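See structure below.
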Amino acid sequence: MAFTNLGFNSNVGTALKNSYLDSVSTPAPQLVSDNFKNSQRWRKKTKQLATLGPASSSFEMIEKLFLAGSDVFRLNFSHGEHDQKKELLDIIRQVEEKYDHPIAVLGDLQGPKLRVGTFANPDGEMLQKGQTFRFDLDETPGTNQRVLLPHPEIIEASEVGHDLLIDDGKVKVTVIATGPGYLDCEVVVPGKIKDKKGVNTPDSILQISCLTPKDRVDLEYMLGIGVDWVALSFVQRPEDIVEIKKLIMEFNPENAFPPNVMAKIEKPSCFDGDSLEKIVELCDGIMVARGDLGVECAPEDVPILQKIIIDECRNQGKPVVVATQMLESMIESPTPTRAEASDAATAIYDGADAIMLSAESAAGMYPEESVLMQQRIINRVEGDPHYSTYLQSNRPKITDGSSASAIILAARQIARNVDAKAIVSFSVSGATARMASKKRPEQPILAISPLKESCRKLAMSWGIYPEYCPMENLNTDNFRDMLTVACEIANKKGLSSQEKDLLVVTAGFPFGTPGAANIIRVIPAAGPTYWDATL
């Protein structure tokens, strides 16, 4: 069996022509269990997240989304009941077992929802440009002069000159006066304001927890069913990450592995001073939540902020997901707009670990097609010579001076020099594999761990092919036996197939010691009969 080509035709014109003909003349290929390991779905390095919902709640559809490219499934706790989320997680685990491949589950907390009160007029009120409008704590139904704002924290944090955005920015007002329990504002962008519409506060840091009572209940439930990642909404400052990590340690079931924490960056306050750097340092991953971020920041600023976030995550070696409106038109259309395809490609060129679908896969008419389209964009970009050039020109330095760092740097360089088919990392926690991912090597990273939980979390990271291998199958007292396991798994995953194929293998001994990567070997992937006798 010939080794599957990892890239595209070197002739860019031919590749573009073939890509175009495929898109207009034939449907995306249907992936089946007997050949899916050799498909383009298993040759991509950028990961895909798909949100599950009414359009993707059956075993059949979740299986299709997995085969189409989804590496992580998002459970949105803003909608639905707890038992529905448990049913979805159980289905994901069934798909994982069927295909013997780790799948991550991300539980997304809703976070605080800041809303105005109700109006006497059920149709709401039209606010005119330049008029004065008051927000107060009076529960009397609103008029065209005032309305309840049941969040004293907003009133206390707002200052003259601060802006408030109503209904995702459709109405904009500026504070012109403050007083006990009220804000007087001038209408800058006129429009209709209705019952319970959302309020955004781009200029204020609110003295409220990013975890509501509902979030705390949802978090405890997530821990009970065993999600791999928890996404925290409404992050304003580093202390928010400290708060949720303390709650996880408090609520996490005994002997259960705690999930990783992903901070959703959607507030301008995250960019004050060194806040972003500290938030990235404290959490395990970042989501660029461009929905609310795009409301609270100027549209022209969002692409720049996206790059800043991605660069900071890459510098610290933390996975970063770009989300919101990736292929929005595919909620109702079988194909995306060209602008959407370019947007998704830009996130990949920027160096994101993963890109995400929301309503496209959760409630749209074309969930499978949306995931397949993302996969096609990923493979097309990763086959472009410019992509490798961009990654190499912005490759973070590893400067901690540890032996593990030296081993990872050497492994990447050796793999490139000998044209290895994969870098294999034996790791319990997955830290060594994540460090390798940070350097964005040309070769895929095969991460072998005796912990399912570690493998699932690694499904979020760029370029990593996680593989669960029970400890009883790892003879950690005999490195030669471990090398044999590496060859078997590399062949099983389709990363190698020819006798001449080489693997660069790293491990640390004593095995399981954090940060103990101290061994590196180059071996033929064909197995022990092809090895040097000194191995």
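Owing to the predicted nature of the structure, the values given are computational and were not obtained by experimental measurement.
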Between atom OG of S461 and atom NZ of K438, what is the distance when rounded to the nearest 0.5 Å? 12.5 Å
Give, for atom CZ of R93 and atom CG of L89, the distance between the pair rounded to the nearest 0.5 Å. 5.0 Å
Rounded distance [0.5 Å steps], CG in L232 versus CE in M262: 11.5 Å
Shortest non-hydrogen contact from A362 to S56? CA-OG, 3.9 Å
Given the ring of Y465, does K493 sit roughly above its face, with NZ or CZ under 6.0 Å from the centre of the six-membered ring and within 45° of the axis? no
With the side chain counted from C-beta on, respond yes when V105 and W229 share a heavy-atom pair under 4.5 Å apart, and no when they do not. no
For a 4.5 angstrom cut-off between non-hydrogen side-chain atoms, does I286 reach I279? yes
Looking only at side-chain N and O atoms, does S233 offer a donor or acceptor that is under 3.5 Å from a partner on Q110? no
What closest approach, in Å, do D240 and C210 show between heavy atoms, and which atom pair accounts for it? CB-SG, 3.6 Å
Could you tell me whether the side chain of Q392 and the main chain of T389 form a donor-acceptor pair under 3.5 Å? no
Taking everything shown except K278 itself, do over 12 heavy atoms lie less than 6.0 Å from its NZ? no
Rounded distance (nearest 0.5 Å) linking atom CG of L391 with atom NE2 of H386: 13.0 Å
Can you confirm whether the side chains of Q413 and N417 place a donor and an acceptor under 3.5 Å from each other? yes
For A263 and V235 the tightest heavy-atom approach is CB-CG2, 4.1 Å
Can any side-chain N or O of D343 pair as donor or acceptor with the backbone N or O of A339 at less than 3.5 Å? no
Salt-bridge criterion met for K264 and D108 (N-O under 4.0 Å): yes
Please verify the inter-ring angle class for Y349 with Y387; under 30° counts as parallel, over 60° as perpendicular, anything in between as tilted. perpendicular
For the pair Q316 and E277, evaluate side-chain contact (heavy atoms from CB on, under 4.5 Å) and give the outcome as yes or no after the intermediate values. CA-CA 9 Å; Q316 296 197 35; E277 180 181 349; 3.7 Å; yes
Are the side chains of F257 and K452 in touch, meaning some heavy atoms are under 4.5 Å apart? no
L446 vs E467, test: side-chain contact (heavy atoms from CB on, under 4.5 Å). Steps then yes/no. CA-CA 7 Å; L446 174 57; E467 176 72 9; 4.2 Å; yes
Check: D501 side chain, A525 main-chain N or O, donor-acceptor pair, under 3.5 Å: no
Please round to the nearest 0.5 Å and tell me the distance separating atom CD1 of I265 and atom CD of Q236. 11.5 Å
Provide the closest heavy-atom pair for P441 versus I423 in the form atom of the first, atom of the second, distance. CB-CD1, 3.9 Å
Interatomic spacing from CG in D100 to NZ in K492 - rounded to 0.5 Å: 4.0 Å
4.5 Å side-chain heavy-atom contact, L502 and K421: no
With side chains defined as the heavy atoms from C-beta onward, is the minimum distance between I244 and L109 less than 4.5 Å? yes
Could you tell me which non-hydrogen atom of V371 sits nearest to which non-hydrogen atom of S70, and how far apart they are? CG1-OG, 3.5 Å
Checking side-chain contact (heavy atoms from CB on, under 4.5 Å) for the pair V321/I355: CA distance, chi angles, key distance, verdict? CA-CA 5 Å; V321 180; I355 54 178; over 6 Å; no
What pairs with F479 under ring pair (Phe, Tyr, Trp, His ring centres under 6.0 Å), at least two apart in sequence or on another chain? F509
Any donor and acceptor pair, going by atom type alone, linking the side chain of E96 with main-chain N or O of I103 inside 3.5 Å? yes
List the residues meeting salt bridge (Lys or Arg N to Asp or Glu O under 4.0 Å) with R434, not counting sequence neighbours, and say none if there are none. none
What do you reckon, is CD of E300 surrounded by more than 12 foreign heavy atoms closer than 6.0 Å? yes
Determine, stepwise, if the pair L67 / V95 fulfils side-chain contact (heavy atoms from CB on, under 4.5 Å). CA-CA 10 Å; L67 293 176; V95 174; over 6 Å; no
Quick one: does T51's side chain have a donor or acceptor within less than 3.5 Å of a partner on S361's backbone? no
Return the set of residues passing salt bridge (Lys or Arg N to Asp or Glu O under 4.0 Å) with K267 (not counting sequence neighbours), or none when no residue passes. E296
Contact check, side chains of F426 and T432, non-hydrogen atoms, under 4.5 Å: no
Donor-acceptor pair, N315 side chain versus D311 backbone, under 3.5 Å? yes
Do I308 and L276 make a side-chain contact, defined as non-hydrogen atoms from C-beta onward lying under 4.5 Å apart? yes
Charged N-O contact under 4.0 Å between R314 and D350: no
Between S388 (side chain) and D384 (backbone), is there a donor-acceptor pair under 3.5 Å? no
Residue pair I448 / Y468, side-chain heavy-atom distance below 4.5 Å: no
D272 and R237 ion-paired at < 4.0 Å: no
With a distance cut-off below 6.0 Å to the six-membered ring centre and an angular limit of 45° from the axis, does R41 pair with F66 as a cation-pi contact? yes
Side-chain (R456) to main-chain (D228) donor-acceptor, under 3.5 angstrom: no
K47 bridged to D353 by N-O distance under 4.0 Å: no
Is any side-chain N of the basic residue among E312 and K318 closer than 4.0 Å to the acidic one's carboxylate O? no
Check whether E360 reaches the backbone of L327 with its side chain - one donor and one acceptor, N or O, closer than 3.5 Å. yes
Has K45 got a side-chain atom pairing as donor or acceptor with I378's backbone, closer than 3.5 angstrom? no
Can you name the closest pair of heavy atoms from C270 and S275 and give their distance? O-CB, 3.4 Å
